[in-house]
Peer 1: 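Quick one: structure below, then a few questions.
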Amino acid sequence: MRDAFLDEPLDGPLDVAVAAGELMRDLMSRPWGQVSPSVYETGRLVTLAPWLLGHHERVAYLIATQRPDGSWGVPDGYGLVPTLSATEALLSVLTRGDHDEDRDVLIGAVGRGLGVLSGWLTETAVATLPDTPAIEIIVPALVSLINAHLDGLGECGIDRLPIPEGMSEGTLTLIRQRLESGAALPDKLLHALEVAGRSAASAPAVRPTSIGTVGASPAATAAWLSGAALPDPGHHARRYLEAVALRHGGPVPVGLPITVFERGWVLSWLARAGIRFDAPPEMLADLRAAIGPGGTPAGAGLPPDADTTSVALYALALLGMPYEPDSLWAFETPTHFCTWQGEEGSSVSVNAHVLDAFGQYAAARPEQAPRYAVVLARLSAWLRERQRADGSWDDRWHASPYYATVSCALALHEFGGPESATAVRSAVRWALETQREDGSWGRWGGTAEETAYAMQLLLMTGPSTGDGARAEAVRRGYRSLLRSADPADGPALWHDKDLYLPLAVVRAAVLAALHLAQSSGLVVQQARQL
């Protein structure tokens with residue numbers, strides 16, 4: 001997608017409404033969603049579907065994205081899964097010989113990857129790894145595949161890789177036995193079906209959706225297809241993989257489609273910030289229709305989850321179509337709301353979005369407000385208890401504390417009552433204290449996405465006028481956003497099997513921050529600096 005911002009004249013003000021309209025049109029023209037490529041998922045297709053169009057481009061992508069130290073991905077444990085996947089995929093290519101690249105280039109990339117992995121896996125314990133979906137079964141599955149390659153090479157001088165302390169192949173064994181017996185897996189496991197190896201191939205209990213996806217995952221779909229000869233060109237699962245592979249010229253995202261997730265987040269970011277835009281009526285109708293008695297999934301092939309359900313409900317209420325949020329009760333536990341049934345752990349951003357959904361519905365339907373008073377108070381208290389000492393929150397669905405903090409602070413500010421005022425002030429103070437020298441915010445470095453979240457926090461939780469520190473931070477943040485060549489240009493920060501970047505969602509967050517800054521009277525609308 002051409003960034004709508006770049007269509008603005010450089011000698012005029014930034015027209016956020018025009019950019020929002022462009023974003024709406026883009027959502028309608030790409031209903032499956034816009035997601036960055038994934039090293040992990042691309043590696044799995046290199047291994048599982050070398051017959052699929054774009055194979056050589058996927059191999060080239062893996063080689064090109066390897067870091068100088070031999071790893072793939074970003075710091076703090078996030079590189080383990082993509083580095084395992086890319087290394088195993090390139091080993092598969094060497095074994096099969098189906099590559100255009102110089103063999104020495106491939107051998108070098110594999111050697112560097114194995115060197116990094118050997119150190120990481122020896123030194124890493126499960127407790128130190130990020131809480132990304134299915135990591136506890138993905139890592140053992142990939143280590144086993146790499147070791148099988150090494151065993152096949154004989155005396156290659158490379159030791160077999162260890163499984164990190166605290167992980168085992170026990171769950172993998174159970175998954176494979178279940179598939180081989182013909183029993184169905186829980187829906188949430190289908191998203192990572194590739195870990196089952198040969199047991200996933202043509203598993204009779206697995207049924208692709210009508211558009212051909214298994215678990216909204218290219219890797220899971222390829223794993224299910226891998227049990228047969230080259231699929232017929234008309235096979236709906238093959239057509240799904242071809243469509244996804246064409247998105248980025250070979251490399252693939254970690255999950256697609258994400259239709260409901262993308263639309264819910266984009267609409268809610270824009271509407272919450274007060275941007276004037278026309279939401280296509282059919283988009284709102286589809287969003288409403290997606291919410292069933294048990295909630296809504298992020299996209300076809302995934303199980304319903306409280307996060308997507310909440311954000312969809314919240315967006316509908318903001319846009320004048322409040323819909324009874326009874327489906328959220330399916331996710332209630334004695335203490336909080338789970339993302340889905342059987343979730344291990346909990347998410348503050350999910351519960352913040354549930355608070356938004358109940359709170360906005362109660363605001364739109366005042367006669368219903370007493371019904372939700374107890375749950376609003378309980379959720380608010382639960383969120384306050386999980387605020388970190390420095391005023392921030394962190395979460396299992398995003399690598400950046402700025403996402404978790406803006407989610408929690410905005411929900412508490414609007415629906416948490418006077419008891420939440422101190423928590424919100426602490427969050428604002430943390431944002432002010434963590435702004436970077438160039439005016440941006442970010443965990444590893446300044447990004448447009450994280451800067452947008454920090455600015456939303458500062459601008460939506462109280463007046464900036466009269467608060468010199470907050471006003472100056474907004475001005476500096478606004479200038480930082482204007483310097484970004486692309487609002488979605490930055491590292492992938494959202495949690496899935498691999499980190500991913502939902503491009504339209506991030507653009508909407510940046511648009512919201514720009515609009516809030518312009519509306520505050522604190523900034524002069526400037527030409528974009530490219």
Peer 1: Looking at Gln360, Gln456, Glu414, which one forms a side-chain hydrogen bond (donor to acceptor under 3.5 Å, both in side chains) with Arg272?
Peer 2: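 Filter result, single survivor: Glu414.
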Peer 1: Centroid-to-centroid, Tyr403 to Trp494, below 6.0 Å?
Peer 2: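 Centroid distance Tyr403-Trp494: below 6.0 Å, so yes.
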Peer 1: Return yes if a side-chain donor-acceptor contact under 3.5 Å exists between His191 and Asp496, otherwise no.
Peer 2: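 Looking only at side-chain atoms, Asp496 and His191 do form a donor-acceptor pair, the distance falling under 3.5 Å.
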Peer 1: For residues 275-302, dump all side-chain donor-acceptor pairs below 3.5 Å to protein atoms at least two apart in sequence or in another chain.
Peer 2:
from	atom 1	to	atom 2	distance (Å)
Arg288	NH2	Tyr323	OH	3.3
Thr296	OG1	Ala290	O	3.1

Peer 1: List for me each residue that meets side chain to side chain contact (heavy atoms under 4.5 Å, CB included) alongside Glu419, sequence neighbours excluded, and say none if there are none.
Peer 2: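 Side chain to side chain contact (heavy atoms under 4.5 Å, CB included) check on Glu419 returns Arg384.
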Peer 1: In terms of ring plane angle, is the pair Trp329 and Phe337 parallel, tilted or perpendicular, where the classes change at 30° and 60°?
Peer 2: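 Answer is tilted, since the angle falls between 30° and 60°.
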Peer 1: Ignoring hydrogens and angles, tell me if any N or O in the side chain of Thr434 forms a donor-acceptor pair with the backbone of Trp430 under 3.5 Å.
Peer 2: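 Checking the backbone N and O of Trp430 against the side chain of Thr434, a donor-acceptor pair under 3.5 Å is found.
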Peer 1: Examine Tyr240 together with Trp32 and report whether their ring centres are nearer than 6.0 Å.
Peer 2: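 Yes: the rings meet the under 6.0 Å criterion.
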Peer 1: Applying salt bridge (Lys or Arg N to Asp or Glu O under 4.0 Å), run through Asp76 and Arg443 and close with a yes or a no.
Peer 2: CA-CA 11 Å; Asp76 299 338; Arg443 173 174 176 173; 2.9 Å; yes
Peer 1: I want to know whether His353 and Trp265 have ring centres closer than 6.0 Å.
Peer 2: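 Yes - the distance between ring centres of His353 and Trp265 falls below the 6.0 Å cut-off.
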Peer 1: Would you call Glu41 and Arg44 a salt bridge, taking side-chain N to carboxylate O under 4.0 Å as the test?
Peer 2: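 No salt bridge links Glu41 with Arg44.
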Peer 1: Does a side chain donor of either Lys497 or Ser217 reach within less than 3.5 Å of an acceptor in the other side chain?
Peer 2: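 Ser217 and Lys497 do have a side-chain donor-acceptor pair below 3.5 Å.
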Peer 1: Consider side-chain hydrogen bond (donor to acceptor under 3.5 Å, both in side chains). Of Glu344, His495, Glu343, which one does Arg396 pass it with?
Peer 2: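 Output: one option passes, namely Glu343.
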Peer 1: Salt bridge or not between Glu324 and Arg371? Use side-chain N to carboxylate O under 4.0 Å.
Peer 2: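 Salt bridge flag = yes for Arg371 with Glu324.
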Peer 1: Examine the side chains of Tyr402 and Thr447 and answer whether a donor and an acceptor come within less than 3.5 Å of each other.
Peer 2: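 No, because no side-chain N or O of Tyr402 sits under 3.5 Å from a partner of the opposite role on Thr447.
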Peer 1: Could you pull out all residues at least two apart from Ser426 that satisfy side-chain hydrogen bond (donor to acceptor under 3.5 Å, both in side chains)?
Peer 2: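 So Ser426 forms a side-chain hydrogen bond (donor to acceptor under 3.5 Å, both in side chains) with Arg429.
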